[in-house]
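In what follows, a single structure is set out as structure tokens and then discussed.
Owing to the predicted nature of the structure, the values given are computational and were not obtained by experimental measurement.
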Amino acid sequence: FTLTSQNNPGASNTDLAFPTFSTLTQIDSSWFTFYPPESTSKAAQLYRCIRRAYPTNGRRSPPKSALECVAAALPAAEETEKSKAIRNFVFSRLSSPTLCNKDVDSVSSKDPDSVKLLPHFPNWVLSEEDVATRNTSENSTAAAAAAAVASTNMAAEKDALPVPVKIDAVHEIRLVRKGICEQLAQGALPRMGGSGGLTTETAGKEKNGHISNEATEREATAEYEKELYEKFSAILDYLCYEPTDADSWYRAGLCLSFKADIICDRLATPRGKEKNNAIICLQNSEPKAKESFPLLDLRAKQIQEHKAINAGCVALLGDDLSPYISHPWSTLASLRSCSVKVKSFCWRPDGEAIDTETATRSKDKIAFDEIEAMYNQGDFVGWEIAWGGLFVSAVTDMLKKCFTTAHYLSVQEKYLSDDTDELCYEVAETFATSYYAELMGGVSYGYPMQTMTESQRRNLAEESKAYFHAAIDFAVTRKLEENIHDLYFMIGKCEEKIAKTLVREKFPQLPEDRAGVGTEAVSREYEAALRRALQSYATAHREMKKAEHERGLPDVQQGGSSHGIAEIVYRQHACRMKALFVAVQHPKETRDAAEREALRITRDHWYSNPGAGAAYDPQKDVRDSVWEVLADCVSAMVKLRHDNHFFHRSVYRHAMAL
């Protein structure tokens, strides 16, 4: 279905044979001219023909150009109450999960019974009764006009129809448009190739002896952003008809995550400018005592620090976030157009704020003026980076809305279908990975971009961990053949990140008889988090061994950033080693308690002698026990390096130990 005419000027007086499939790709597209159907009724007939040629469960999808040709003959779509509500939820700043949760230091459960929609989601769009009630009260002027046009066309062409028309014209147009939206929303999501989306030939071009591809890469990246926007718009259009489709919400979120990723990869973030604070060698001088706090006080203090650091930051600029997805960030021209659009959403032409939120508007205007000053002063790099932070923040905000909605719908029994079991797992795992990737970025996006605070890190790690647990629950309860050892591995990494934010937790004052190594009571939340991390790694190791035995999954020996079982073993003993390093860095006053805590953390996960944990003697010298654990960790790193020649991280940890 090309729905085109071969309009080659050089052969206008001759009949050209229709090209065969093998030569179709060689024909110049300039020869083709589109001829849309003459009326809405003919468009509907043509759409039926396309659907018969390309069945719903067929192996092929209708060509995009054919669907666009049919859509060109339909009257302009009018917004309904449902479509307005859905678009407002996705694009509105007021429904932002970023702003709603910016000061929250707790995470809700992701169990199916407790999963909820975001507060500003229009719940009524999920109920057919509520939608029908609202639709009856809408202004029907546009619908009546469309019906009159369609009825006139259909009356004039009734002899051409294969069967008598019994369906209402407006309803038929709606069904055709809905079907076109569904078809355009399906199919693979746009992907960017290697070399920033450039072909080998383009990426290798040289200018004056140097590779010059920045302009070409910008154009390729901008084109990719446009493709993502087109796919996202098609999915959102379909969601306006079927808001209960969890898979469409999930795919919309993926489009947004792809856009956020390509911008993050090209931003110079504050974290990249920081000095590496990793301690390779311990200082000879006595470590200085750091102020510590009880757990509740530490959490409260970190929240206050977060508020103070981000007091002058703007997470989202503008009430409508749609320009951040409709405009490519990669080119200065489109970015300039976006800035003008965002400004129009914030202020009227006279410079006054649109609403009465004076404090927020004043903050937004200061941020916008600062960014605009960079452009006026010729600092285009700084101006682009500033907008990049706002782009990532806005796009991430929208993808969280989509993923949260997809997660909710995928666990509701009334919206389930045959494919939702795997969808539940996939949504939870993807959302968990998204949170963890945001955590690893270490940057709080917006304007200006800031290094992520401890409170933010812990909240992201908790969210990620909760979604990984939800994915495991789906896989286990619904007996899905998924590699859950990867999820337990990621949960362990999340627990490590949580523990890192609690290092400044104060040691409780315990009686002398409870301070020994044999004490089972957990003294700090830091210790509990690291114990959970090591236990998760141990579970991941068991599950991977079980998968190898039951399903014959091969173990990855080396290459890339994953090394199969070796990766799990490394992470487990690297975690033990880091616990020791943190302990010996404590000042003299708390070092003994810290080392005893480290021994309690590490004692149950030996490498060379797995049963050695039970042999600990509380009366034994603490430092001797620490050296034994360190030697065991080093033996693990040496063996990993010997078995995996490209496992460079094991060499790094070995060097730290030495």
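Arg87 places a side-chain heavy atom less than 4.5 Å from the side chain of Leu236. A heavy-atom distance below 4.5 Å is found between the side chains of Ser339 and Trp383. In this structure, Phe258 and Arg191 have side chains that are in contact, with non-hydrogen atoms separated by less than 4.5 Å. Using a 4.5 Å cut-off on side-chain heavy atoms (C-beta onward), Leu317 and Trp387 make contact. The shortest distance between side-chain heavy atoms of Met449 and Ile385 falls below 4.5 Å.
Inspection of the Ser248 and Glu242 side chains reveals no N or O donor paired with an N or O acceptor under 3.5 Å. Side chains of Gln302 and Thr501: no donor on one and acceptor on the other come within 3.5 Å.
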Give the C-alpha distance, both sets of side-chain angles, the deciding distance and a yes or no for side chain to side chain donor-acceptor pair (under 3.5 Å) between Ser455 and His306. CA-CA 7 Å; Ser455 178; His306 169 73; 5.6 Å; no

Kindly indicate, with the supporting measurements, whether the criterion ring pair (Phe, Tyr, Trp, His ring centres under 6.0 Å) is fulfilled by Tyr537 and His605. CA-CA 10 Å; Tyr537 293 142; His605 302 277; 9.1 Å; no

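Between Arg504 and Glu454, none of the side-chain N atoms (NZ, or NE/NH1/NH2) sits under 4.0 Å from a carboxylate O, so this pair counts as no salt bridge. The pair Lys493-Glu496 fails the salt-bridge criterion, with no side-chain N (NZ, NE, NH1 or NH2) lying under 4.0 Å from an Asp/Glu carboxylate O. Under 4.0 Å is where a charged nitrogen must lie from a carboxylate oxygen, and between Lys400 and Glu438 at least one such pair does. Using a 4.0 Å cut-off between charged side-chain N and carboxylate O, Arg532 and Glu525 make a salt bridge. Ion pairing between Glu217 and Arg266 holds under the 4.0 Å rule for side-chain N and carboxylate O.
When each of Thr396, Val395, Leu228, Leu399 is paired with Ser257, the side chain to side chain contact (heavy atoms under 4.5 Å, CB included) condition holds for Leu399 and for no other.
Using a 30° and 60° split on the angle between ring planes, Phe403 and Tyr250 fall in the tilted class, from 30° to 60°.
At distances below 3.5 Å, not a single donor-acceptor pair connects side-chain atoms of Glu597 with backbone N or O atoms of Ala583.
Here the CG atom belonging to Asp397 is positioned 5.0 Å from the CG atom belonging to Leu316, to the nearest 0.5 angstrom.
Contact detail for Arg576 and Cys633: the closest heavy-atom pair is CB-SG, 3.8 Å.
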